[in-house]
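Reading through the structure tokens given below for one structure.
The basis for the numbers below is simple: all heavy atoms, side chains too, and nothing from hydrogens, waters or symmetry mates. Just so we're on the same page: letters track the sequence lines, and every chain starts at 1.
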Number of protein chains: 2
Amino acid sequence: MTTDVNENLLAWLKDAHAMEQQAEQMLKAQASRIDHYPELKARLESHLQETLGQQELVEGCIKRLNGSASMMKDLAGRMTAFAQAAGGMTQHDEVVKGAIAGYVFENLEIACYTSLIAAAREAGDTETEQVCTQILEQEKAMSSWMLNNLPTVTRDFLIRSATPGQKAKV
Amino acid sequence: MTTDVNENLLAWLKDAHAMEQQAEQMLKAQASRIDHYPELKARLESHLQETLGQQELVEGCIKRLNGSASMMKDLAGRMTAFAQAAGGMTQHDEVVKGAIAGYVFENLEIACYTSLIAAAREAGDTETEQVCTQILEQEKAMSSWMLNNLPTVTRDFLIRSATPGQKAKV
């Protein structure tokens with residue numbers, strides 16, 4: 001059985017839309033729980049706004065291809081338990097694990113848009129290619145920020161954690 | 001309740017060991033299923049060998065801190081469903097989704113070792129810091145390769161997929 005390039009492109013755009021909905025849930029949950037790491041909280045909140053814009057951009061591509069955004073499936077669906085756990089963790093090191101999970105989710109997004117750009121190019125769909133390139137830049141910026149900030153979050157957590165009377169978890 | 005820096009470091013090293021065991025399972029399953037993407041298969045197989053070495057290195061750090069490698073838990077545990085799905089997928093676009101998942105897992109490893117390096121430094125554990133730095137370089141190289149290769153895998157999949165009589169899935 002053969003599958004047309006456009007069919008694959010549309011299916012992957014739907015996956016990307018589901019992934020951005022997952023990202024929205026995770027970012028909202030994480031940002032709302034953080035109390036003692038203000039820079040991280042602010043960056044999560046600003047990326048949440050970007051994420052809402054990305055959802056609309058991807059939806060626009062899906063509509064142009066005569067599709068409708070479907071229920072979550074495939075890889076983003078399989079990341080759900082991970083993303084949910086990252087959004088509301090119970091461990092004492094929640095902030096560190098959450099920062100790691102946020103970075104990992106950004107890289108799921110980076111990979112999906114990198115693949116989508118190749119697919120849009122193969123399909124000759126310049127508009128989708130441009131939209132995905134624009135979103136990819138935002139994801140890369142967020143990913144870099146999260147990784148660069150991770151040693152600081154780790155160190156701050158360890159110091160707070162070893163100090164009597166300080167809350168370190170979030 | 002306070003938690004000592006060394007306690008956190010040991011717990012995170014155990015997480016890293018569990019993560020490398022997950023990586024081993026995923027890489028083995030993926031590499032064994034791939035038929036038509038020889039470069040990807042070869043890279044997965046060579047990283048599997050690196051992964052086995054990383055397990056021993058991390059185990060050495062755990063033993064030096066008087067710990068024993070425990071059952072998988074935390075974040076790596078939550079990635080299990082994702083990693084298992086990535087190791088033996090049933091979708092028609094398995095090779096593309098698998099390549100994305102492999103890249104994502106590499107970035108979980110990158111984040112964990114980046115955090116561990118900061119923790120080892122905070123604990124004054126130079127040997128663990130060096131081991132984690134060495135492993136981090138291997139993970140970064142694998143991550144870059146996977147992302148650079150993804151457009152080619154995507155394009156090859158789309159072309160095979162649209163060609164009657166060709167197998168595109170793996």
Side-chain angles (χ1 to χ4, degrees), chain A residues 1-5 7-9 11-12 15 74-75 77-86 89 91-93 96-97 99-108 110-112 114-119 121-123 143 146-147 150-155 157-159 161-166 168, chain B residues 1-5 7-9 11-12 15 74-75 77-86 89 91-93 96-97 99-108 110-112 114-119 121-123 143 146-147 150-155 157-159 161-166 168:
Chain A
M1 195 193 75
T2 63
T3 313
D4 188 56
V5 173
E7 279 176 70
N8 279 304
L9 178 61
W12 292 343
D15 289 348
D74 279 348
L75 225 51
R78 296 213 174 76
M79 283 283 283
T80 302
F82 180 73
Q84 281 173 344
M89 289 186 176
Q91 301 105 313
H92 79 287
D93 57 356
V96 177
K97 289 294 200 293
I100 290 173
Y103 168 79
V104 170
F105 205 90
E106 282 312 309
N107 280 278
L108 171 64
I110 285 172
C112 288
T114 298
S115 180
L116 267 169
I117 289 166
R121 199 169 291 166
E122 191 63 30
S143 165
M146 293 294 281
L147 194 63
L150 189 53
T152 309
V153 167
T154 303
R155 201 163 40 240
F157 164 79
L158 289 171
I159 293 167
S161 195
T163 309
Q166 283 207 338
Chain B
M1 195 193 74
T2 62
T3 313
D4 187 58
V5 173
E7 280 176 71
N8 280 304
L9 178 61
W12 292 342
D15 289 348
D74 281 347
L75 226 51
R78 294 212 176 77
M79 283 284 282
T80 302
F82 180 73
Q84 282 173 342
M89 288 185 177
Q91 301 105 313
H92 78 290
D93 58 356
V96 177
K97 290 294 200 290
I100 291 173
Y103 168 78
V104 170
F105 204 90
E106 282 312 307
N107 279 278
L108 171 63
I110 285 172
C112 288
T114 298
S115 181
L116 268 171
I117 289 166
R121 199 168 293 166
E122 192 62 31
S143 166
M146 292 294 280
L147 194 63
L150 189 53
T152 309
V153 167
T154 302
R155 200 163 41 241
F157 164 79
L158 289 171
I159 293 166
S161 196
T163 308
Q166 283 206 337

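Between A:A111 and B:I100 the shortest heavy-atom distance is CB-CG2, 3.7 Å.
Contact annotation for B:L147: both backbone and side-chain heavy atoms come within less than 4.5 Å of a heavy atom of chain A. The part of B:T163 that comes within reach of chain A is its backbone (N, CA, C, O), which places non-hydrogen atoms under 4.5 angstrom from that chain.
Between B:E122 and A:T154, every side-chain heavy-atom pair lies at or beyond the 4.5 Å cut-off. Within the 4.5 Å cutoff, the side chain of A:V96 has heavy atoms near those of the B:W12 side chain.
Among A:I159, A:N8, A:V5, the residue with the largest count of heavy-atom pairs under 4.5 Å with chain B is A:N8. The candidate with the highest count of non-hydrogen atom pairs below 4.5 Å against chain A, out of B:I110, B:L9, B:V153, B:D4, is B:I110.
One distance of note links CG of B:L158 with CD of A:E7; it measures 11.0 Å at 0.5 Å rounding. The line from OH of B:Y103 to OG of A:S115 is 12.5 Å long, rounded to the nearest 0.5 Å. How far CG of B:D15 is from CD of A:Q91: 8.5 Å, rounded to the nearest 0.5 Å.
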inquiry  = Using the rule given for side-chain contact (heavy atoms from CB on, under 4.5 Å), can you reason through B:V104 versus A:V104, listing the C-alpha separation, both sets of side-chain angles and the distance that settles it, and then say yes or no?
reply    = CA-CA 6 Å; B:V104 170; A:V104 170; 3.6 Å; yes

